[in-house]
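The next block holds one structure in the form of structure tokens; read it before the comments.
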Amino acid sequence: MIDPRILRDEPDRVRRSLHKRGMPTTVVDDALAADGRRKGSIQKFEQKRAQQKEIGLKIKKAAPAEKSVLLSTTKEISNDVKAYQADLSSAEQEWDRALKAIPNVADDAPAGGEDDFVLIETVGTPREFDFEPRDHIELGKLLGAIDIERGAKVSGSRFYFLTGVGAELEFALINLAMEQAREAGFTQVIPPSMVKPRAMEGTGFLGQAADDVYRIEGQDMYLVGTSEVPMAAYHSDEILDGAKLPLRYAAFSPCFRKEAGSHGKDTKGIIRVHWFDKVEMFVYTTLEDASAEHLRLLNWEKSFLDKLELAYRVIDVAAGDLGLSAARKYDCEAWIPTQGKYRELTSTSNCTDFQTRRLDTRGRFGSDIKPVATLNGTLCAMTRTIVAILETHQQADGSVRVPKALQPWLGGREVLEPVAP
RNA sequence: GGAGGCGUCGCCUAGCCCGGUUUAUGGCGCCCGCCUGCUAAGCGGGUUGAGGGUAAUCCCCUCUCGCGGGUUCAAAUCCCGCCGCCUCCGCCA
């Protein structure tokens, strides 16, 4: 949730942000009204409660005659207290609901929707082919790396088996990513990929994004769409030592997405699937440092893509295309030869104190306790990365050149060769 | 899945049987000050968090003893449900 002080002191700033996201601004007035009602209820309740406590103290030492009088008056007060308390809790719920409906304040993100991103830079040049390039589906088949037919047979559409060098490629990518993370000082984590509602809600995935989330039948649990979810909840209800920030984690987990509303999009291949594995960077830091850390995350993403020798561009995602929690987001989009366009491979978001307020994570700085920020960034999402590698580094005979950085993790192989069918 | 035990302020711990002045004892740690040539030791004080009254130091109030509900004028303390942890048993990768 956003800082209530921003809502009270700068409601127009919040309205501007909503406007940039293309959303109605009525939530602002709803929340302000709820805030007013809540304060009124607090005062009524607290005053009654103080009165009740005061008389309660007298009762113990009162003489019997006096006692029965006191008991009867305080009985009435007790009823009032209960009534006011009920009022208060409903006012508080209303306030909470209204406040949580407001997405993070996107002061610096470009206005508009999906197509209104700002291009930050282009790195490398899309490869020119002197032969007709094969798409990753065909390459995956030739190499014995990706089995889409059997994925569909066993699990349905948007599922796949990675086999042989396909599986090896994933392990190699995980190792390369984790090596980079370790060298950059990240703590490696394997988090649970099933979580309770609190974690899902706290990270902002039960809002508009709820349609995309798998719920476990009869269990009140969810499958995560990214390890951002367990990692944001990791320090919930904690006060972190400010001197130890930033806390940097690199988490490996499967990611499950319903992909509701994307029927017909990317129906072939493994660009858009219901499950993939991912190494995700997740950082807790100070609010002051968050923007700088955001750029660091972007740089780590770029250097990983550089190691894979891919051509890509970096965009500043427009407000309307941000998640509920993000104040700003940069995507790295790699060139996919057979699609003739750039596709998102990694994404990094600055969630400022939006998630930590919901999940009750704060920091102690000397004698102060202050909010902290969370940021997340993809180091490597396996499936799309494999697509980009296969398509970009393919050769005329259907073999695929292995980027240098990946070779040590593939037994020193420089080329992946087609296998006999 | 079955049986039993436990969950108190950063950590450890007292209080709970016999409800009231208890945010709650003591120790450790931490912070401030004193003492000492420096260090150690010693002495004194402070140290849960949140929300309101306030723009605010101070001050005042309310909530906070795993979570939720109940009993009661009043609950850390009594009752019920849930969650978590530990031990034993069963089952199992």
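Naming convention: chains lettered A, B, ... in sequence-line order (proteins, then strands); numbering from 1 in each chain. Note that the structure is a prediction, hence the values are computed from the model and not measured.
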Rounded distance in Å - [atom1] ([X]) to [atom2] ([N]):
X: A:R198; N: B:rG84; atom1: CZ; atom2: P; value: 15 Å
X: A:E76; N: B:rA74; atom1: CD; atom2: P; value: 13 Å
X: A:I77; N: B:rU72; atom1: CD1; atom2: P; value: 17 Å
X: A:W95; N: B:rA50; atom1: CH2; atom2: P; value: 17 Å
X: A:M221; N: B:rC83; atom1: CE; atom2: P; value: 13 Å
X: A:E238; N: B:rU48; atom1: CD; atom2: C1'; value: 16 Å
X: A:L240; N: B:rG49; atom1: CG; atom2: P; value: 14 Å
X: A:R364; N: B:rG29; atom1: CZ; atom2: C1'; value: 13 Å

Between [Y] and [X], is there a salt bridge with N-O shorter than 4.0 Å?
X: A:R296; Y: A:E293; value: yes
X: A:D29; Y: A:R15; value: yes
X: A:E10; Y: A:R16; value: no
X: A:D135; Y: A:K268; value: no
X: A:R158; Y: A:E259; value: no
X: A:R357; Y: A:D3; value: yes

Give me the distance, rounded to whole Å, that separates [N] from [M] when you measure between the [atom1] atoms they each carry.
N: B:rG46; M: B:rG52; atom1: C1'; result: 25 Å
N: B:rU22; M: B:rC9; atom1: C1'; result: 13 Å
N: B:rG15; M: B:rG7; atom1: P; result: 11 Å
N: B:rC59; M: B:rU47; atom1: P; result: 10 Å
N: B:rA14; M: B:rU25; atom1: C1'; result: 5 Å
N: B:rC30; M: B:rG20; atom1: P; result: 35 Å
N: B:rC83; M: B:rC67; atom1: P; result: 15 Å
N: B:rG44; M: B:rC61; atom1: C1'; result: 31 Å

Once you apply the 3.5 Å cut-off to both distances, tell me the Watson-Crick or G-U wobble partner of [N], or none.
N: B:rC88; answer: B:rG2
N: B:rU39; answer: none
N: B:rC63; answer: B:rG49
N: B:rG7; answer: B:rC83
N: B:rG19; answer: none

Walking RNA chain B from its 5' end, the first of A:T74 and A:K196 to be reached, judged by nearest nucleotide, is A:T74
Taking atom types as modelled, is there a side-chain donor on A:S227 or A:E280 under 3.5 Å from an acceptor on the other?
no
In this structure, is the centre-to-centre distance between the rings of A:Y234 and A:F282 below 6.0 Å?
no
OP1, OP2 of B:rU72 versus side-chain N and O of A:S78: anything below 4.0 Å?
no
For a quick check, with a 4.0 angstrom heavy-atom cut-off, what is the B/S/- contact string for nucleotides 51-67 of chain B, read 5' to 3'?
BSS-------BBS----
Which part of the nucleic acid, if any, lies within contact of A:I55, taking any heavy atom under 4.0 Å across all strands shown: a base, the sugar-phosphate backbone alone, or nothing?
nothing
Looking at A:E238, I want to see if its CD is surrounded by more than 12 non-hydrogen atoms of other residues, nucleotides or ligands under 6.0 Å.
yes
